[in-house]
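Okay, structure first, notes after.
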There are 2 protein chains.
Amino acid sequence: MAGTDRRQKLIMDGPVIILVNPQLGENIGASARAMANFGLAELRLVDPRDGWPNEVARANAAKADHIIDGVQVFDTLEEALADLNFVYATTARQREMLKPVRDPATACATLRQRHGHGERVGILFGRERWGLESVEVALADEIVTFPVNPAFASLNISQAVLLMSYEWMRTGDAELPISEPPSLPARKEDLFGLFDHLEGVLDRENYFRPPHKRATMVENLRNIFQKAELSQQEIHALRGVVATLEGRKTRPRKDRQPPKNDPTPKAAKAAKAAKAPKS
Amino acid sequence: MAGTDRRQKLIMDGPVIILVNPQLGENIGASARAMANFGLAELRLVDPRDGWPNEVARANAAKADHIIDGVQVFDTLEEALADLNFVYATTARQREMLKPVRDPATACATLRQRHGHGERVGILFGRERWGLESVEVALADEIVTFPVNPAFASLNISQAVLLMSYEWMRTGDAELPISEPPSLPARKEDLFGLFDHLEGVLDRENYFRPPHKRATMVENLRNIFQKAELSQQEIHALRGVVATLEGRKTRPRKDRQPPKNDPTPKAAKAAKAAKAPKS
């Protein structure tokens, strides 16, 4: 549909869109275009199959070059979420997850409100063939599900991006009831730091038994702290708790860095481990 | 995004989608897929550039074969609209037209109402490069316009079809996937048991420093777990975490009873301590 007009002000605002392992440049490009249509600006890719830059993506972005040029690429989802305060994961199906499930309009109203309070917010989209892994959904705060035809629920990624972008734009029109923010949620990297710390101690203490249940147990623990919408101060307190308990045996109290012989963040390792095909 | 389930009932209902002079089979296919996602069924093409059938369209419909198989092709727009009672024309921009202009939600509410009264309704979409001609818009009853970014208003046809299909589904029975309460929160006594356990360990480990801040620190920690609305299972997992960490020094791993030289249950002691008046 025709109608682009470069003389008008280009809206660039709103939540960060994060695509996990996108396979097709066509979908990356169409997502960028959909974002531009509805005034979103920031696109992040986690481990895109065909690398980056991707000329197929640019060709399919229909001149949304400002978005393609600004794409950031990350090796892990944890890194892509690190500076965000509040994140939705999109899923096509209901899951057995201990997280609130919202429809797109409600989700975008929430995002709009938090964004208005100065939070950095994001929306997470899964890969083409099987969406998001549970361990990835576990890194988000809430879930958004589309009201699709139950017998034909397979929504293209760029279509999902479009719907969320559209709802974002729509929530800009309405005057939302503004409430005081409870407290600014911490940045995700602080939360992931807590995960790493706690899981590292529990690994050493052989908490995750039997080993094949480790992924599920990790996910459940993460959900607990995710649900609590921890502030930075609260994360600090909890790390103090873990440090108090572990510090007795495993490390000097003043060294808060991970051991030098293990540069990989444990959270990233756990995510990779969880990506292994399920039996 | 994964999620198609052929065992579920396939919704097939709603307005007829009419594409005028579509040029790309990709867009016809993606439109069919979007329709299927949101329960629409009937697709009509007016003079498609590459004729019909079109295998590119089928390949891009992601198995929405029931829609591709049912496509009707017309030489003129008048013929395509002949049996309909009420039609919207989609446009990207405001036009100088003597017709009401609606947003997608309002338009779909109108369509839903008329459809419910037995009217045959439809939505008209223009060609890729320049949308609908004025003479074509004139054949419709009302206009629907998308709330796009003014400087990047060029919406892909299949994306426009998706948005209208989505709004159609939304105006339906309001059976949106709204979440049940994620899980039953635990009884308070289980929660307090966790507090007692954790605070008892932290007391022994001298976590609460300086002592006059103990009450505030306890309160902050309790708030964290209160906010998380923990289920009984989650409390069980957290108690396992605390037990794992404390068990290393203060008691043998297989003996989960308190040491014999400390007959006072930790919970009771901690509860008493927490009751101390705040400074």
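Each chain gets a letter, A, B and so on, in the order its sequence line appears, and its residues count up from 1.
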For a 4.5 angstrom cut-off between non-hydrogen side-chain atoms, does [X] reach [Y]?
{"X": "Leu238(B)", "Y": "Phe225(A)", "result": "yes"}
{"X": "Met169(A)", "Y": "Asn149(B)", "result": "yes"}
{"X": "Leu155(A)", "Y": "Tyr166(B)", "result": "no"}

Using non-hydrogen atoms only, which part of [X] is less than 4.5 Å away from chain B: side chain, backbone, both, or neither?
{"X": "Glu167(A)", "answer": "side chain"}
{"X": "Ile224(A)", "answer": "both"}
{"X": "Leu198(A)", "answer": "side chain"}

Discussion item. If you count heavy-atom pairs within less than 4.5 Å of chain B, which of Ala105(A), Ala36(A), Gly39(A) leads?
Written reply: Ala36(A)
Worksheet item: Of the listed residues (Ala237(A), Pro104(A), Ala228(A)), which shares the most heavy-atom pairs with chain B below a 4.5 Å separation?
Response: Ala228(A)
Worksheet item: How many angstroms lie between atom NE2 of His236(B) and atom CG of Asn220(A), to the nearest 0.5 angstrom?
Response: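 Taking NE2 in His236(B) and CG in Asn220(A), the distance rounds to 11.5 Å.
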Fill in: Rounded distance (nearest 0.5 Å) linking atom CZ of Arg204(B) with atom CG of Leu245(A)
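Answer rounded to 0.5 Å: 10.0 Å.
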Fill in: ring-ring contact (aromatic ring centres under 6.0 Å, His included) partners for Tyr207(A), two or more places apart
none
Discussion item. Suppose we screen for side chain to side chain donor-acceptor pair (under 3.5 Å). Which residues come up paired with Gln159(A), at least two apart in sequence or across chains?
Written reply: none
Worksheet item: Pick from Leu162(B), Leu202(B), Leu40(B): which one has the most heavy-atom pairs with chain A under 4.5 Å?
Response: Leu162(B)
Practice prompt. Assess whether side-chain contact (heavy atoms from CB on, under 4.5 Å) is satisfied between Lys227(A) and Glu234(B), documenting all intermediate values.
Written response: CA-CA 11 Å; Lys227(A) 277 198 299 177; Glu234(B) 288 171 334; 2.7 Å; yes
Provide the closest heavy-atom pair for [X] versus [Y] in the form atom of the first, atom of the second, distance.
{"X": "Arg33(A)", "Y": "Asn156(B)", "result": "NH2-N, 3.3 Å"}
{"X": "His66(B)", "Y": "Phe152(A)", "result": "CE1-CD1, 4.4 Å"}
{"X": "Arg170(A)", "Y": "Pro147(B)", "result": "CG-CG, 4.3 Å"}

